[in-house]
> 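Here it is, the structure in full.
In what follows, residues are counted from 1 in the order of the sequence shown. FYI, side chains are in, hydrogens and waters are out, and symmetry mates aren't considered; it's all heavy atoms of this structure.
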Amino acid sequence: MQKNQEILPDRLQKILPKIISENWLSSYKNLSGINLSFVRLSKRLKRENNLATAGNELIKNYTEIESDFLNFFPEVINYVKNLSNIKSG
């Protein structure tokens, strides 16, 4: 992101140093980090929302979500490969 910072939206450019220094992306590798991001996002939204409890739903439905992801992601990879072949061919 730093290498291409100039093409990022202004707001993201301003917060990028904090994202890097606090290692936000790494925090998403575990459920507690994801849950914390849901809680923080829920506080930033002006409308009433249930986002703060989304982590509980994620944990409750983790097996099903993981299964869906494992079925879906290979399709994404194949799509990108085919798209690359079309563009290069």
> Can you tell me how far the CD atom of Q5 sits from the CG atom of L16, to the nearest 0.5 Å?
4.5 Å
> Hey, quick one: are V39 and Y28 part of the same hydrophobic cluster, counting side-chain heavy atoms closer than 4.5 Å, chains of contacts allowed?
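Looking at the clustering, Y28 is in a separate group from V39.
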> So which atom in L8 and which in L12 form the shortest heavy-atom distance, rounded to 0.1 Å?
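What the structure gives for the nearest pair is CD2-CD2, 3.8 Å.
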> Working to the nearest 0.5 angstrom, can you tell me the gap between I65 CD1 and F72 CZ?
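The distance works out to 14.0 Å.
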> Under 3.5 Å, which donor-acceptor pairs do the side chains of residues 73-83 form with other protein atoms, sequence neighbours left out?
unit_1 : atom_1 : unit_2 : atom_2 : d
N78    : ND2    : P74    : O      : 3.4
N82    : ND2    : N78    : O      : 3.3

> Looking at every heavy atom in both L58 and F38, which two are closest together, and how far apart are they?
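Smallest interatomic distance, heavy atoms only, reads CD2-CE1, 4.5 Å.
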> How many angstroms lie between OG in S37 and CG in L25, if you round to the nearest 0.5 Å?
11.0 Å
> Quick check for you: to the nearest 0.5 Å, what is the distance between T63 atom OG1 and D68 atom CG?
11.0 Å
> Say you draw a straight line from CG of L31 to CG of L36; how long is it, rounded to the nearest 0.5 Å?
12.5 Å
> What closest approach, in Å, do N35 and G55 show between heavy atoms, and which atom pair accounts for it?
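Heavy atoms only, the tightest pair is OD1-CA, 3.2 Å.
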> With rounding to the nearest 0.5 Å, note down the distance linking NZ in K14 to CD1 in I19.
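Reported to 0.5 Å precision, the distance equals 13.5 Å.
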> Output yes when a side-chain donor or acceptor of S67 lies under 3.5 Å from a complementary backbone atom of E64, and no otherwise.
no
> Report, as yes or no, whether the 6.0 Å neighbourhood of atom CD on E6 holds more than 12 heavy atoms from other residues, nucleotides or ligands.
yes
> Side chain of T53, backbone of N50: donor and acceptor closer than 3.5 Å?
yes
